[in-house]
Amino acid sequence: MRAVPTTRAAPPLPGSLFVSEYFSQSAQRLSFYSWYGNAKVFHFHVPEDTVLLRWLLQASRGKEPECTSMEVTVHFRYGAPPVINPLGTHFPANATVRPSYNISITLSSAVQNTTFVNITTPAAGDWFIAAHLPEAAGRIEVKGFSTPCTYMFQADMFVLRLTDMPVLEPGVAMPQTIVSPAKPLHVKVFVPKYTARMWFELRSCMTSERKACTVRVVLGSITLPQSFQRIITCTGNVNCSVSLDSLPWEKWLQIMVESLGIANASVSLEMLASFTDCRPGSTSSFLNFSSLNQSQAGSGPGSPTPSTGMALRNTSDQRSFCLQNQPVVREDLDVVSVRYRLLNGPSVAVYSISPTLLLLNLNSGMDSGGSLVVNLLLNKTSLSQANATVVACVSAASPVLSLNTTQNCSTAFFQGYPLSLSTSSAEAMLIVLYPQTDDWFLSLQLICPKGQSECNTAEAKVTVIAYLTPCFNDCGPYGQCSLLRRHGYLYAGCSCKAGWSGWSCTDDTKAQSVGAQNLATLLLTLSNLMFLPAIAVAVYRYYLVEASVYTYTMFFSTFYHACDQPGIAVMCIMDYDTLQYCDFLGSVVSIWVTILCMSRVKKILKYVLFVLGSLLIAMSLQLDRRGVWNMMGPCLFALIIMISAWVYHGVKRRHCYPSSWKRWVFYLLPGITLAFIAISVYAFMETNENYYYTHSIWHVLVAGSVAFLLPPRDKHKKPWAWSQKLTCRYQICQNDREELYAVT
């Protein structure tokens, strides 16, 4: 696999019919990486008989001044989305991690960068690409305060497919000719089910000049991030052969032969493939569903299991089989959620002569976006040989059938995941993150340290629990499992909180302690009590509507932040979305009524503006809750009303308004200063790390500014003064003339 700086398609080869196909998906906007949801996933399907795959990768950035040089990381994987770790965090224990194949695309002075990636003889099936920007800075940006740079990424796929690829029939020698070294020969052979071994032989190799030939034979297709192609080089007239164990069942195997000789010489040769089949044994008949009904009723590790049949108890019968099939039922529970039930109960019998095989079907095309969990538990009392070990292997596409001899958990084109059980370690777990779309196999076999003769009559009972889940352990107490979607494909990822990180939120390197979580909750909630002075001032000055709004804001801000905490110190009195909406609504309406109260317009007009503005603010927050203009718009409109009222009163009275310098020095200027500091902290200083104290400072500053900015009560009105009525039905009139900012 290599990146090439050319856009020309590979030319068709003479004598064969090639078809080129083009697949494209819409561009996606890239994000800075903090969790898997920030990676943009592209899903393609490579057809059968593809001999060349070319990716066209286009990365671009905007022309805004905020746009700087940036590096885009692109990951590739066959069969499932790439398992990536850009932040270098820890994976959960017992999880299998194989680094993804990735390349970097740099956007510097150029606005757009185009890169090509070629793959020869790619595996047919699902291919995935994931692209993302570097690690996120962690700064909380207010929507609308700044315009972030736009980085876009698009992946297109070109394939060159051979429509008449020759088929190599088992046991039949097939003569072929390689025209030139630049035109390799492609053939394919179908691998039947229960194939244990394939023997491939290349013979009668001769050049057109009757000289000894040199050819290279490549068996298998390329898969990423790891490729297990078998490559042999044949030189001279000697027959060249290779033996492959545990090939993928019921699939086509591609074979490519290319000449290493001189340019103009053709090569003639013969190819022969033969298979050794494997006779399977079964512990029960699929026609008996009584045990299935029992398993659905619920059975635990201690429940009695049905008899495994006389076949397994008879050693001579076991020797006639190369494997023992255990029937498994796949039960779909939900999206990317599957449970596997053993037809004969949760326990299986394991022997030394032949492996016990379980099929875990993950071939639906929608199973690769979760985590496959396999848990094995050895029943120690069932193990007759104390020193014996149960060796297990989980593999894709083909099972491992030779655990008793090689104890190597690898197939012809896949490296499996080994597990072992013994009396000293009776439990083993395996977590396969994003398992590739295929049939998965669990092979179990009993191994004795002094030789297999010692284990001929030995038996072990192993409880098998296997299931597919969107997120392992549901991301734990410090994470949230999110179902992500790319067109029709669904996959899951964990979004961590409280400083926890990792694939399943199990990395506590930067995690907040319980004390820090409690401190954050107390700061964010108790800082809202700073509204109490503002409420007291409003009540004292007879601004009861304003005091009600401040009380509403204090209440919902307190309980919203109590529910919004990422750790364990959480209390939600109602739905989170409702609390958030009420908090945002109360904050904006508080600013709205405070500025209108400062304008000192007539009461009837003020209350009309109160109601009308609150309704419009509620509507705008429903449309875009985090938009900056939802706060700035009402503020600016209220400021225009206030300034207009002040100018009107100043012109009418022919002096500056408010006229008292004490009002400016001791009330207005401190209040305005606190408000500007609060806005600066809210818009430019908040990050994910310092949020709990910077946002608490925002609460304190805003509540303090309200207490300073509220105008004084009317000069001729005492607080809580009621109209005095005389017994002679005459009423003492009270002067209700508006006195603006009179200092008492």
Participant: Among residues at least two apart in sequence or on other chains, which ones pass ring-ring contact (aromatic ring centres under 6.0 Å, His included) with Tyr576?
Facilitator: Tyr560

Participant: So, using salt bridge (charged side-chain N to carboxylate O under 4.0 Å, His left out) as the criterion, who are the partners of Asp575 when residues are at least two apart?
Facilitator: none

Participant: Would you call the rings of His561 and Tyr691 parallel, tilted or perpendicular, where under 30° means parallel and over 60° means perpendicular?
Facilitator: tilted

Participant: Asn102 and Thr73: side-chain donor and acceptor closer than 3.5 Å?
Facilitator: no

Participant: Could you note down all residue pairs passing salt bridge (Lys or Arg N to Asp or Glu O under 4.0 Å) where residues 545-556 supplies at least one of them, sequence neighbours left out?
Facilitator: Glu546-Lys606

Participant: Would you give the length of the straight line joining atom OG of Ser590 to atom CD1 of Ile595, rounded to the nearest 0.5 angstrom?
Facilitator: 11.0 Å

Participant: Regarding Asp577 and Arg625, does a basic nitrogen lie under 4.0 Å from an acidic carboxylate oxygen?
Facilitator: yes

Participant: Below 6.0 angstrom between ring centroids: does that apply to Phe128 and Tyr78?
Facilitator: no

Participant: Any sub-3.5 Å donor-acceptor pair from Thr551's side-chain atoms to Ala547's backbone N or O?
Facilitator: yes

Participant: Is the SG of Cys67 found under 2.5 Å away from the SG of Cys149?
Facilitator: yes

Participant: So, using side chain to side chain contact (heavy atoms under 4.5 Å, CB included) as the criterion, who are the partners of Pro86 when residues are at least two apart?
Facilitator: Tyr33, Ile84, His132

Participant: What residues form a side chain to side chain contact (heavy atoms under 4.5 Å, CB included) with Asp474, not counting sequence neighbours?
Facilitator: Cys481

Participant: What pairs of residues pass the side chain to side chain donor-acceptor pair (under 3.5 Å) test when at least one of them lies in residues 515-528, not counting sequence neighbours?
Facilitator: Ser527-His699, Asn528-Ser557

Participant: Once you find the SG atom in Cys505 and the one in Cys496, is the distance between them below 2.5 Å?
Facilitator: yes

Participant: Begin with the C-alpha distance, continue with both residues' side-chain angles, and end with the deciding distance and a verdict on salt bridge (charged side-chain N to carboxylate O under 4.0 Å, His left out) for Asp334 and Arg339.
Facilitator: CA-CA 10 Å; Asp334 205 338; Arg339 179 168 50 189; over 6 Å; no

Participant: What orientation do Phe76 and Tyr101 show, parallel under 30°, tilted 30 to 60°, or perpendicular over 60°?
Facilitator: tilted

Participant: Testing the 3.5 Å rule here: is there a donor-acceptor pair between the side chains of Tyr36 and Ser482?
Facilitator: no

Participant: Is there any salt bridge (Lys or Arg N to Asp or Glu O under 4.0 Å) pair reaching into residues 475-495, and which pairs are they, with sequence neighbours excluded?
Facilitator: none

Participant: Thinking salt bridges, do Arg77 and Asp126 make one under a 4.0 Å N-O criterion?
Facilitator: no

Participant: Can you sort out the partners of Tyr607 under ring-ring contact (aromatic ring centres under 6.0 Å, His included), two or more places apart, ordered by chain and number?
Facilitator: Phe610

Participant: With sequence neighbours excluded, what pairs up with His90 under the side chain to side chain contact (heavy atoms under 4.5 Å, CB included) test?
Facilitator: Asp507, Thr509

Participant: Within a strict 4.5 Å, meaning less than it, do heavy atoms of the Val336 and Asp367 side chains meet?
Facilitator: no

Participant: I'd like to check the side chain to side chain contact (heavy atoms under 4.5 Å, CB included) partners of Cys582; sequence neighbours left out, ordered by chain and number.
Facilitator: Tyr552, Phe556, Thr578

Participant: Please list all pairs passing the disulfide (SG to SG under 2.5 Å) test where one or both residues lie in residues 519-580, with sequence neighbours left out.
Facilitator: Cys563-Cys572

Participant: For Tyr581, check ring-ring contact (aromatic ring centres under 6.0 Å, His included) against everything at least two apart and list the hits.
Facilitator: none

